[in-house]
Amino acid sequence: MATKFFLDSGDPKETKEVLTLLGKLDGQTTNPSLIAKNPDAVGKKFTSEEIYSFYENVVKQISSQIPNGSVSIEVYADNNTKAEAMIEQGLKFNTWIPNPSTNRSDDYRLRYGARAHIKLPTTAEGLKAASELVKQGVRVNMTLVFSQAQAAAIYAATKGAKKGDVFVSPFVGRLDDRGENGMDLIKNILTMYKGGDGHVEVLSASIRSLEHFTKTIELGCDLITAPLKAYKEWVGFGSPLSMDGRGQGEGVQLKPIPYQEISLDKPWQEYNIAHELTDKGVEKFAADWNNLIDQN
Ligand code: E4P
């Protein structure tokens, strides 16, 4: 199956630009850091209520432009947030845009209506929340994935969900940033999932270079989410990618990430899901979100 294209952005104006460039878009991913970069949020402070209504409005503006697409909406979570608090947010965010019921036929669900994917961190509490939300018919996108064991735990925690309702988001660029070959993780997860029932789709995320973009497609990955810059370069406009100067230059030797034999059949709690980049990522998302809120 051909890779589906998502935009990684918290700005609905960029949705419009990508639609003009590509003629279509399959979905969009947002996160607290991307919402903080929305031009209408930069330099502003909000009350807690205002920031959620701002986020809701952004999601609605995105969704209305891609009426049959997916929009990922991320819960607020710091390293102390419990699953119950994530579930409560997920159920609320899920009502922000129309959602064809997960009980409809596969054909209907995939063809008609925008759908929310609730983004949850790949931590023990995030997995607990995911397991409960999919039972309640809510779609999920598990974010901040840096290991094959985390992807196996996501598979196990969401068993029973339908194809298209669960995404796993491995962060390619953040692994490259510390000298590991992030594309290997995509390849390894795709290989591991071949032994499964296909209910989890792989969303290649944290895209830094045109090479990430083309390799994701070559691997036949289910989905890719990339910033506007990447799409501009891909269609032959704009300048070579350099995502805020963090990308690896040509010829940088990245350490390979070896494939591991991991069974998909264990209870999710039995996988070793600890990863320092997940913890760091959770902290950064929480800090960017809190920074938008007037603490006085
Ligand atoms: C997408 O879902 C992710 O939030 C995003 O790709 C993260 O990218 P970054 O590593 O460039 O922040």
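We count ligands from 1, going down the list as the structure has it; atoms in each ligand are counted the same way.
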Exercise for review: Report the part of Lys119 in contact with ligand 1, treating N, CA, C, O as backbone and CB onward as side chain, heavy atoms under 4.0 Å; options are side chain, backbone, both, neither.
Suggested key: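 Looking at Lys119 and ligand 1, just side chain atoms fall under 4.0 Å.
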Check your understanding: Is Ser169 touching ligand 1 with its side chain, its backbone, both, or neither, if touching means heavy atoms under 4.0 Å apart?
Key ->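 It is neither; nothing of Ser169 touches ligand 1.
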Under 4.0 Å to a heavy atom of [X] - the qualifying atoms of ligand 1, by number:
| X | answer |
| --- | --- |
| Ala205 | 1 (C), 6 (O) |
| Asn31 | 3 (C), 4 (O) |
| Phe171 | 3 (C), 4 (O), 7 (C) |

Point to revise | Selected option - heavy-atom contact closest to atom 11 (O) of ligand 1, from Lys284, Glu74, Arg208 | key: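 Looking at heavy atoms only, the winner is Arg208.
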Review point. Regarding Lys266 and the six-membered ring of Tyr155, is the cationic atom NZ or CZ under 6.0 Å from the ring centre and inside 45° of its axis?
Key: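 No, Lys266 does not lie over the aromatic ring of Tyr155.
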**Study point:** Partners meeting side chain to side chain donor-acceptor pair (under 3.5 Å) with Ser147 (sequence neighbours left out)
**Key:**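 Ser147 satisfies side chain to side chain donor-acceptor pair (under 3.5 Å) with no residue once adjacent residues are dropped.
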Practice item. Examine Phe213 together with Tyr231 and report whether their ring centres are nearer than 6.0 Å. Key: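 Ring-ring flag for Phe213/Tyr231: true, centres closer than 6.0 Å.
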Practice item. Could you list the residues that satisfy ring-ring contact (aromatic ring centres under 6.0 Å, His included) with Tyr55, not counting sequence neighbours? Key: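 Testing Tyr55 for ring-ring contact (aromatic ring centres under 6.0 Å, His included), a comparison that skips the adjacent residues, returns Trp96, Trp289.
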Practice item. Identify whether the distance between the nearest side-chain nitrogen and carboxylate oxygen of Glu50 and Lys45 falls below 4.0 Å. Key: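 Not counted as a salt bridge, because no side-chain N and carboxylate O are separated by less than 4.0 Å.
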Point to revise | Check ion pair Asp197-Lys163 (N to O, under 4.0 angstrom) | key: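 Lys163 and Asp197: not salt-bridged.
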Review point. Asp8 to ligand 1: N or O pair under 3.5 Å?
Key: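 Such a contact does occur with ligand 1.
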